[in-house]
Trainee: 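Here it is: the structure, laid out below.
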There are 2 protein chains.
Amino acid sequence: MQKIMNQVQLSKQLKVSCESCSLSELCLPRGLSTKEMNILDDHIERPRNLSQNAQLYQPGDKFTGFYAVRSGGVKTYLTKKTGEQQILGFHLPGEVFGLDGMENGKQRCYATTLENTSYCILPYDQLDHLCETIPELRHQVCQLLGHEMNCDHSHLLLLGQQTAHERLATFLLNISSRFKHRGFSPTSFMLPMSRHDIAGFLGIAVETVSRLFKSFQEKGIVIINRKQVDIINLDKLNNMVANCEETD
Amino acid sequence: MQKIMNQVQLSKQLKVSCESCSLSELCLPRGLSTKEMNILDDHIERPRNLSQNAQLYQPGDKFTGFYAVRSGGVKTYLTKKTGEQQILGFHLPGEVFGLDGMENGKQRCYATTLENTSYCILPYDQLDHLCETIPELRHQVCQLLGHEMNCDHSHLLLLGQQTAHERLATFLLNISSRFKHRGFSPTSFMLPMSRHDIAGFLGIAVETVSRLFKSFQEKGIVIINRKQVDIINLDKLNNMVANCEETD
DNA sequence: TCTATAAAATGACATGGATCAAGTGTCATA
DNA sequence: TATGACACTTGATCCATGTCATTTTATAGA
């Protein structure tokens with residue numbers, strides 16, 4: 001009996017169950033009962049690890065399920081034939097991505113790690129099946145999908161209507177609030193991505209990112225040292241995007 | 001008996017059932033059996049009509065369900081506080097929109113008619129409930145959501161990486177293929193939206209749209225007369241976007 | 001038919017960011 | 001600690017596109 005318990009413990013440990021995962025309140029299981037969470041848990045592939053700049057999938061790959069970041073970070077992107085990357089999103093611990101493959105069972109974009117990264121896969125077939133019996137999970141999934149869409153829509157507003165200044169300010173505030181949401185400092189953090197990736201996300205040139213960081217610093221809004229960001233004057237930063245989004 | 005039949009007929013007619021709707025193969029019921037379609041049908045609100053430039057919803061409104069265009073056209077958009085519109089999508093007959101409200105039960109964007117428009121509403125609660133028992137419907141909804149995401153992602157690539165020429169060419173080809181999909185000519189059609197809206201969708205100025213249309217015409221690619229578009233040289237138009245998207 | 005109003009086109013000019021070309025800093029490995 | 005590779009910064013220049021002003025065309029209503 002003791003032996004069995006130990007095996008269960010071990011299995012739980014290896015599996016890094018949702019229940020024991022510090023990110024479960026941010027991730028898909030959010031809002032599920034312990035019982036429901038454990039059912040979901042049984043279907044999740046145990047964490048996989050990848051080093052920096054490793055590819056998770058690329059266009060044409062079979063869509064197998066949703067991805068959840070445990071640690072590290074991932075970028076998803078499309079490319080022009082000439083090679084330029086349009087980065088669609090940065091995905092930080094606790095966040096789920098790779099939902100767009102649902103259209104036809106094939107991936108449409110690239111997914112690459114920003115640094116050493118650990119992630120889980122939630123197999124789509126099983127998630128779909130569980131949705132039949134767990135209305136709350138269905139609700140979670142729909143909420144997640146809606147959230148993704150709204151993120152994309154804000155991103156469209158940014159790319160279509162904002163100046164380079166506004167874009168970078170919006171970006172910093174966005175990252176800041178996501179760190180805050182995970183319980184970290186919203187004003188002092190390390191960017192997990194390169195200048196090149198920031199540029200690719202914001203639809204501007206790398207050089208512009210450099211110059212704007214310098215300009216923000218000269219205005220006393222932030223202090224930037226390589227990837228370390230310290231927001232000195234959050235109000236000023238907020239003011240820079242004040243005209244960008246309707247708040248209700 | 002005859003009377004009852006007539007009532008049923010009348011009711012069906014008023015309701016403009018999915019089964020009798022010429023767009024059902026393009027719309028959400030696509031792929032459902034007749035029986036399943038009729039179940040879905042019973043929960044769909046009969047078509048409503050709106051004249052041009054009428055608002056369907058705005059940010060903050062309660063999210064009640066998905067919208068399906070029967071005739072006419074709808075734009076969804078976000079705005080900056082300064083008033084500029086970033087148009088997120090144009091929605092033509094047979095297309096479903098308004099899915100982003102799923103995140104928190106509130107609309108996040110504006111939806112306005114481009115012309116006299118008829119549309120159906122698929123109440124979310126009931127759709128959710130039906131998804132429990134009709135796996136095929138669940139599959140349809142997920143496919144639809146995936147499609148929306150991929151549309152948004154292509155739009156992000158367009159806004160982030162394409163020149164004004166490429167954007168307008170991509171736009172024309174996109175509209176063209178959607179007309180084709182509905183069984184209309186892909187090379188001769190009327191644009192349902194204004195220059196202003198095209199500009200708002202492509203993230204460029206109205207004047208640029210005018211100038212580029214003229215330039216395209218001078219190159220013998222299209223003939224444009226107000227809202228009437230005739231694509232003369234589809235190859236040339238395709239070449240303009242050849243470097244924009246990876247095709248697999 | 002005339003008039004008012006809005007939509008679209010056109011022209012002149014200005015500029016935000018891209019591009020190109022060096023330079024500098026940082027990190028990993030020998 | 002040297003060396004190479006790469007990320008980042010900085011400066012100079014240019015151009016695609018925005019902005020502003022005006023004209024033309026289409027549309028709706030009296």
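Just so it is clear: chains get the letters A, B, ... in the order the sequence lines come, proteins before strands, and each one is counted from 1. Just the heavy atoms: all of them, side chains too, but no hydrogens, waters or symmetry mates, feed the values below.
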Trainee: Which residue lies toward the 5' end of DNA chain C, B:Lys227 or A:Thr163, if each is placed at its nearest nucleotide?
Mentor: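 Its nearest nucleotide lies further toward 5', so the answer is B:Lys227.
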Trainee: Specify the separation, in whole Å, of atom CD of A:Gln162 and atom P of D:dG18.
Mentor: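 For the pair A:Gln162 CD and D:dG18 P, the rounded distance is 16 Å.
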Trainee: For A:Glu84 and C:dG17, what is the distance between atoms CD and C1' respectively, to the nearest whole Å?
Mentor: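 Roughly 15 Å, once rounded to whole Å.
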Trainee: Counting side-chain heavy atoms from C-beta on, which of D:dT10, C:dA8, C:dA18 comes nearest to B:Ser210?
Mentor: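 Per side-chain heavy atoms of B:Ser210, the pick is C:dA8.
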Trainee: Please give, in whole Å, the distance from D:dA26 P to B:Met190 CE?
Mentor: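 Rounding to the nearest Å, CE of B:Met190 and P of D:dA26 are 13 Å apart.
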Trainee: Is it the case that B:Thr112 and B:Tyr77 place a side-chain donor and acceptor less than 3.5 Å from each other?
Mentor: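 Looking only at side-chain atoms, B:Tyr77 and B:Thr112 do form a donor-acceptor pair, the distance falling under 3.5 Å.
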Trainee: Go through C:dA9, D:dG18, D:dT9 for me and flag the one nearest to the B:Ala205 side chain.
Mentor: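 Selected nucleotide (nearest to the side chain): D:dG18.
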Trainee: Round to the nearest Å and state the distance from A:Phe213 atom CZ to D:dT9 atom P.
Mentor: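 From A:Phe213 CZ to D:dT9 P: 8 Å.
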Trainee: Please report the distance, rounded to the nearest Å, between CZ in B:Arg195 and C1' in D:dA26.
Mentor: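 So the CZ-C1' distance, B:Arg195 to D:dA26, works out to 12 Å.
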Trainee: What does A:Ser194 touch in the nucleic acid at a heavy-atom separation under 4.0 angstrom: a base, only the sugar-phosphate, or nothing?
Mentor: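 Sugar-phosphate, no base atom in range.
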Trainee: Quick one: does A:Glu207 reach the base of C:dC20 with a side-chain donor-acceptor pair under 3.5 Å?
Mentor: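 When only heavy-atom distances are counted, A:Glu207 does reach the base of C:dC20 through a donor-acceptor pair under 3.5 Å.
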Trainee: Does the side chain of A:Thr208 get closer than 4.0 angstrom to OP1 or OP2 of C:dG16 through an N or O atom?
Mentor: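 No, because none of the side-chain N or O atoms of A:Thr208 sits under 4.0 Å from OP1 or OP2 of C:dG16.
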Trainee: Quick one: do A:Arg108 and A:Asp100 make a salt bridge, cutoff under 4.0 Å?
Mentor: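 Here A:Arg108 does not pair with A:Asp100 in a salt bridge, since their nearest N and O are not under 4.0 Å apart.
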Trainee: Taking CD from A:Gln217 and C1' from D:dT9, how many angstroms apart are they, rounded to a whole number?
Mentor: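 Taking CD of A:Gln217 and C1' of D:dT9, I get 12 Å after rounding.
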Trainee: B:His165 or B:Gln52: which one's nearest nucleotide on DNA chain D is closer to the 5' end?
Mentor: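 In this pair, the answer is B:His165.
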Trainee: Between B:Asp197 (CG) and C:dA6 (C1'), how many Å, whole number?
Mentor: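 Going from B:Asp197 (CG) to C:dA6 (C1'), I get 14 Å.
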Trainee: Please give, in whole Å, the distance from D:dA7 P to A:Leu114 CG?
Mentor: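 Checked: the CG to P distance equals 13 Å.
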Trainee: So, under a plain 3.5 Å distance rule, would you say the side chain of A:Arg211 forms a donor-acceptor pair with the base of C:dT19?
Mentor: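 Flag set: donor-acceptor pair detected.
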Trainee: Where each residue is assigned the nucleotide of DNA chain C containing its nearest heavy atom, which of A:Ala164 and B:His196 is assigned the position nearer the 5′ end?
Mentor: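 This one resolves to B:His196.
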Trainee: Between CZ of B:Phe97 and CZ of B:Phe90, what distance do you get to the nearest 0.5 Å?
Mentor: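 That separation rounds to 13.0 Å.
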Trainee: When the aromatic ring centroids of A:Phe201 and A:His155 are compared, is their separation below 6.0 Å?
Mentor: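 Yes; A:His155 has its ring centre under 6.0 Å from that of A:Phe201.
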Trainee: Examine B:Tyr57 together with B:Phe63 and report whether their ring centres are nearer than 6.0 Å.
Mentor: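 Ring centres of B:Phe63 and B:Tyr57 not closer than 6.0 Å.
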Trainee: When you check the phosphate oxygens OP1 and OP2 of C:dG25, does a side-chain N or O of A:Arg226 lie under 4.0 Å from one of them?
Mentor: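 So the side chain of A:Arg226 is outside the cut-off, no N or O lying under 4.0 Å from OP1 or OP2 of C:dG25.
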